[in-house]
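All remarks here apply to the structure that follows.
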Amino acid sequence: MRPLPIRTRLAVWYCAVLATTVVAFSVFALVEMRNTIGGSVDAELRDRLGGFRKLLLEQPPGDSPRGLAAALAEHTGGNDLIRMADRNGAWVYRSPAVDSLEAQLPPVGNVAQPTTIVTIRAGGLPMRILTTTLALQGTAYRVQIGENTGPYESTTARFAQVMLAWIPGLLIVAVTGGFWLSRRALLPVDRITRAARQISVRNLSQRLEVPQTRDELQRLSETLNAMLDRIEEAFQRIERFTADASHELKTPLAVMRTMAELPLRHPGSDGEYREALSGIVRELERTSRLVDDLLCVARGDSGSNALKKARIDLIGVLRAAATQVESMASTQRLSFKREICDGSIWVDGDRDALQRLFVILLDNAVKYTPPPGDVTLKAATRDGLACVDVLDTGIGIDDADVPHIFERFYRADKARSRDAQGAGLGLAIARWIALAHGGTLAVESVRGRGSVFTVRLPAIS
């Protein structure tokens, strides 16, 4: 079954809530009205009883029951329902209205019984009957007073009829208004939807209009624009990555093809063949490293290159990385120094990934430090962080290049790009590894005086 549109669901829910509220209010009002009228009738009966009692107390002492009856007859109307009996059940007084209803009235009982108020139907009319004991001049009488509640019930019934007549009409108006309101309320969403549909790969720079309403629609537009910013940035990064990767792979492939074609076109000696094959192998090794770096970057972007983290000693990782690069520093007549603290520095990380991070930093320091120069590896803990610094006295980095050196395929001037082995991915991979471990990688450099790369990783006890 196809789900209903949002505007229809909003209207239905609005109508359901309104209908429930109106019906509940009507029932509550009807019940409250009945209770209020019933309370008013009971209060009226008690007031009348008090008036009769006051009237009878004003009679002379020792007055006979006949005198009491005469006083009651004088002060009651023909439609008043009242009767009074003595302790023996003999009638002292009965109003004319009692005669036609006596058979349907409740018994007055004896003087020992408590006061009661009941509702009956007598003569086809609803009646509210108060029965109680009244003490006059040392004698107890049983008194019964009635009130016709027909007019009150008619009023209540009329109120109920009005509610029943108006509620359906009110709900029809509410449904119509609900559909109109929901449609009007969702018009800005429709405009946002139409504008979003027009945005494609060809116009990713286009953005949604943001209404300055300080409500959910403004937040929705701002959120969608922020998402489009991220999509555009990712798309541009993919385009740059594809173009740079194609360029970097094209060069070694062309070199290998040239090296392979030359001996085929101009046959030579075994030494020349060996030299050509050696060149091809070197280019293959370089291409293999480039492909490995590209795969690492791509897996890092997709999140599929999950790190295998464990509790490891960072000092051991640093020593392994230093050993791997130290021989190259010696070959280039550089002084390689280790200033590593005693003991252990424990971190939660991937040993191979962290070793690759520090090898990249040390390898760059060695490559871009002309002899005689110094490369120093420092490690210590400060403020709960494992701090590793790689210092060199090399050629340094221009201020204009510092913000970009961690970008993929970015290489500064020709001096820093003199090594044909580099593709501009090393520092991008290093920064990704640091971030993936919850750390940071920063650089400070002065052109002609050297650079300092600083890694900060969360240390654990």
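These numbers come from the heavy atoms of this one structure, side chains and all, not from hydrogens, waters or symmetry mates.
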Pair Arg194-Asp190, salt bridge (Lys or Arg N to Asp or Glu O under 4.0 Å): steps then yes or no: CA-CA 6 Å; Arg194 288 193 297 269; Asp190 289 337; 5.2 Å; no

Atom of Ala386, atom of Val347 and distance for their closest heavy-atom approach: CB-CG1, 4.0 Å

Heavy atoms of other groups near Lys309 NZ, more than 12 under 6.0 Å: yes

Residue among Thr193, Leu220, Leu224 satisfying side chain to side chain contact (heavy atoms under 4.5 Å, CB included) with Leu208: Leu224

Electrostatic pair Arg128-Asp42, nearest N-O below 4.0 angstrom: yes

By salt bridge (Lys or Arg N to Asp or Glu O under 4.0 Å) - contacts of Arg46 (at least two apart): none

Lys/Arg-Asp/Glu bridge criterion (N-O < 4.0 Å) met for Arg338, Glu326: yes

Within 6.0 Å of CZ in Phe336, more than 12 heavy atoms from elsewhere: yes

Derivation and outcome, side chain to side chain contact (heavy atoms under 4.5 Å, CB included), residues Gln355 and Gln324: CA-CA 10 Å; Gln355 183 171 334; Gln324 189 172 340; 3.2 Å; yes

Least distance between heavy atoms, Met328 atom then Asp363 atom: CE-OD1, 2.9 Å

With Asp374 via salt bridge (Lys or Arg N to Asp or Glu O under 4.0 Å) - residues at least two apart: none

Throw together a table of side-chain donor-acceptor distances under 3.5 angstrom for residues 169-184, partners on residues two or more places apart or in other chains.
| residue | atom | partner | partner atom | Å |
| --- | --- | --- | --- | --- |
| Thr176 | OG1 | Ile172 | O | 3.0 |
| Ser182 | OG | Arg7 | O | 3.2 |
| Ser182 | OG | Gly178 | O | 3.0 |
| Ser182 | OG | Phe179 | O | 3.0 |

Summary of side chain to side chain donor-acceptor pair (under 3.5 Å) pairs that have at least one residue in residues 383-396, sequence neighbours excluded: Asp389-Thr454

Distance-only side-chain donor-acceptor flag, Gln206 / Asn203, under 3.5 Å: yes

Ion pair check, Arg230 and Glu233, cut-off under 4.0 Å: no

Where at least one partner belongs to residues 154-167, residue pairs that pass side chain to side chain donor-acceptor pair (under 3.5 Å), sequence neighbours excluded: none

Greater than 12 external heavy atoms within 6.0 Å of Arg9's CZ: yes

Working for side chain to side chain contact (heavy atoms under 4.5 Å, CB included), residues Ile117 and Val41: CA-CA 10 Å; Ile117 301 180; Val41 172; over 6 Å; no

Exam field: side chain Ser445 to backbone Gly450, donor-acceptor pair closer than 3.5 Å: yes

Contacts of type salt bridge (Lys or Arg N to Asp or Glu O under 4.0 Å), residue Glu153, not counting sequence neighbours: none

CD (Gln104) with more than 12 external heavy atoms under 6.0 Å: yes

Closest non-hydrogen atom pair between Asn148 and Pro126, with its separation: OD1-O, 3.2 Å

Cationic N near anionic O, under 4.0 Å, Asp352 to Lys308: no

Under 3.5 Å: donor-acceptor pair, side chain of Asn35, backbone of Val31: yes

Exceeds 12 heavy-atom contacts within 6.0 angstrom, atom CZ of Arg48: yes

N/O donor-acceptor pair under 3.5 Å between Asp398 side chain and Ala400 backbone: no

Ile315 and Ile340: CA distance, side-chain angles, deciding distance, side chain to side chain contact (heavy atoms under 4.5 Å, CB included) verdict: CA-CA 8 Å; Ile315 298 300; Ile340 302 175; 3.2 Å; yes

Pro106 backbone acceptor or donor facing Gln144 side chain under 3.5 Å: yes

Residues Cys341, Thr381; criterion side chain to side chain contact (heavy atoms under 4.5 Å, CB included); working and verdict: CA-CA 8 Å; Cys341 64; Thr381 57; 5.6 Å; no

